[in-house]
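Treat the numbers as computed from the prediction; the structure is a model and nothing was measured.
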Amino acid sequence: MGLRVGLGYDVHRLTENRELILGGVSIPYEKGLLGHSDADVLIHAIMDALLGAGKMGDIGKLFPDTDPRYKGISSIKLLKHVKKKMDAKGVKVINIDSIIVAQRPKMRPYIDDMENNIAEALDIDVDCVNVKATTEEELGFTGSGEGISAKAVCLIEF
């Protein structure tokens, strides 16, 4: 058995007439994230971290935005698919640490639900999942409210 670390990053533009979904949680806000799926940057960053650590490609390879099967799909469903790939390869998640970068809205009221959704999708203890949030003090595209990004790191055992 060995250990590996994975790193994931994702960003999506905020736009009107879209629901804001982060960590599988619908967050009341005047804008949502633009993307082929539900554009959940947090889950996308986590999936890329897990896929990278397991040397299983990335979400663009696994779920291309040119494939109509993934149009509007819940990223939690995609995370469950990643879990099946990990199980088939004998990969076990040790922990996930992540951060959402957004000027608005405030994330704290939704973080516990995000952590629970992620843990449930991966069939791991919620104590193995950490979600944080920060602003960028109104700097850059996230600070100006143009988009939201997320970063994630994971430790896996194989």
Side-chain angles (χ1 to χ4, degrees), residues 6-89 91 93 96-124 126 128-136 140-154:
L7 176 66
Y9 173 78
D10 196 36
V11 60
H12 283 276
R13 177 181 303 277
L14 281 163
T15 188
E16 294 183 2
N17 301 315
R18 287 277 296 200
E19 185 177 13
L20 179 59
I21 308 286
L22 291 168
V25 177
S26 178
I27 299 173
Y29 192 56
E30 69 232 20
K31 294 181 180 179
L33 294 169
L34 182 63
H36 187 66
S37 67
D38 63 5
D40 186 331
V41 293
L42 176 60
I43 299 299
H44 293 183
I46 289 169
M47 287 190 294
D48 264 347
L50 294 168
L51 290 166
K55 187 128 176 60
M56 296 181 283
D58 60 38
I59 63 172
K61 179 179 176 184
L62 211 57
F63 312 113
D65 63 7
T66 55
D67 191 329
R69 291 179 298 168
Y70 306 121
K71 179 121 177 94
I73 194 168
S74 163
S75 294
I76 290 288
K77 287 183 182 177
L78 300 178
L79 183 59
K80 289 177 182 180
H81 181 75
V82 168
K83 166 69 168 141
K84 287 179 187 173
K85 284 187 67 71
M86 293 170 59
D87 288 347
K89 198 168 177 178
V91 174
V93 179
I96 296 168
D97 189 26
S98 60
I99 188 161
I100 302 165
V101 183
Q103 195 63 38
R104 291 171 294 287
K106 293 294 183 191
M107 300 294 160
R108 181 62 253 163
Y110 310 102
I111 286 179
D112 290 344
D113 289 339
M114 292 178 195
E115 291 174 343
N116 285 323
N117 288 345
I118 294 160
E120 183 179 320
L122 293 172
D123 194 26
I124 59 176
V126 72
C128 298
V129 179
N130 192 54
V131 175
K132 303 176 297 291
T134 191
T135 69
E136 288 199 301
F141 70 90
T142 56
S144 68
E146 292 176 69
I148 294 177
S149 68
K151 298 171 184 144
V153 63
C154 70

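Between the CG atom of L51 and the CG atom of D58 there is a distance of 7.5 Å, given to the nearest 0.5 Å. The OG atom of S74 sits 7.5 Å away from the CD1 atom of I21 when rounded to the nearest 0.5 Å. Note: I43 CD1 to S37 OG = 10.5 Å, rounded to the nearest 0.5 Å.
K151 has no carboxylate O lying under 4.0 Å from a charged side-chain N of D10, or vice versa, which leaves the two without a salt bridge.
In this structure, F63 has its ring center under 6.0 Å from that of H81.
With contacts defined as side-chain heavy-atom distances shorter than 4.5 Å, the pair L50/K85 does not qualify. A heavy-atom distance below 4.5 Å is not found between the side chains of L33 and T15. With a 4.5 Å cut-off on side-chain heavy atoms, K89 and M56 count as touching. Residues L78 and I73 form a side-chain contact, since some pair of their non-hydrogen atoms from C-beta on lies under 4.5 Å apart. K31 is not listed as a side-chain neighbour of L20, based on a closest heavy-atom distance of 4.5 Å or more.
T142 pairs with exactly one of R104, Q103, E136 by the side-chain hydrogen bond (donor to acceptor under 3.5 Å, both in side chains) rule, that one being E136. Checked against V129 for a side-chain contact (heavy atoms from CB on, under 4.5 Å), the options I124, I46, V93 give a single hit: I124. For the pairing with I100, the side-chain contact (heavy atoms from CB on, under 4.5 Å) check across T134, L42, T135 returns one residue only, L42.
Looking only at distances, a side-chain donor or acceptor of D48 sits under 3.5 Å from a matching main-chain atom of I59. Not one N or O on the side chain of D97 forms a donor-acceptor pair closer than 3.5 Å with the backbone of V153. Between the side chain of E146 and the backbone N or O of R13, no donor-acceptor pair lies under 3.5 Å. In terms of modelled atom types and a separation under 3.5 Å, the side chain of H12 and the main chain of L34 share a donor-acceptor contact.
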Donor-acceptor list for residues 106-113 side chains, cut-off 3.5 Å, not counting sequence neighbours:
residue : atom : partner : partner atom : Å
R108    : NH2  : D112    : OD1          : 3.0

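For K55, the NZ atom is loosely surrounded, since the number of other residues' heavy atoms within 6.0 Å does not exceed 12.
Closest approach of I96 to C154, counting heavy atoms only: CG1-CB, 4.0 Å. The two residues E115 and V131 come nearest to each other via the heavy atoms OE2-N, 2.9 Å. Contact detail for V41 and I148: the closest heavy-atom pair is CG1-O, 3.6 Å. The two residues G24 and D40 have their closest heavy-atom pair at N-OD2, 2.8 Å. The two residues L14 and G145 come nearest to each other via the heavy atoms CD1-O, 3.3 Å. The two residues S75 and H44 make their nearest non-hydrogen contact at OG-NE2, 2.8 Å.
For residues 65-79, every residue pair satisfying the salt bridge (charged side-chain N to carboxylate O under 4.0 Å, His left out) rule, not counting sequence neighbours, is listed here: D67-R69.
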For K80 and D123: C-alpha separation, side-chain torsions, deciding distance, then whether side-chain contact (heavy atoms from CB on, under 4.5 Å) applies.
CA-CA 9 Å; K80 289 177 182 180; D123 194 26; over 6 Å; no

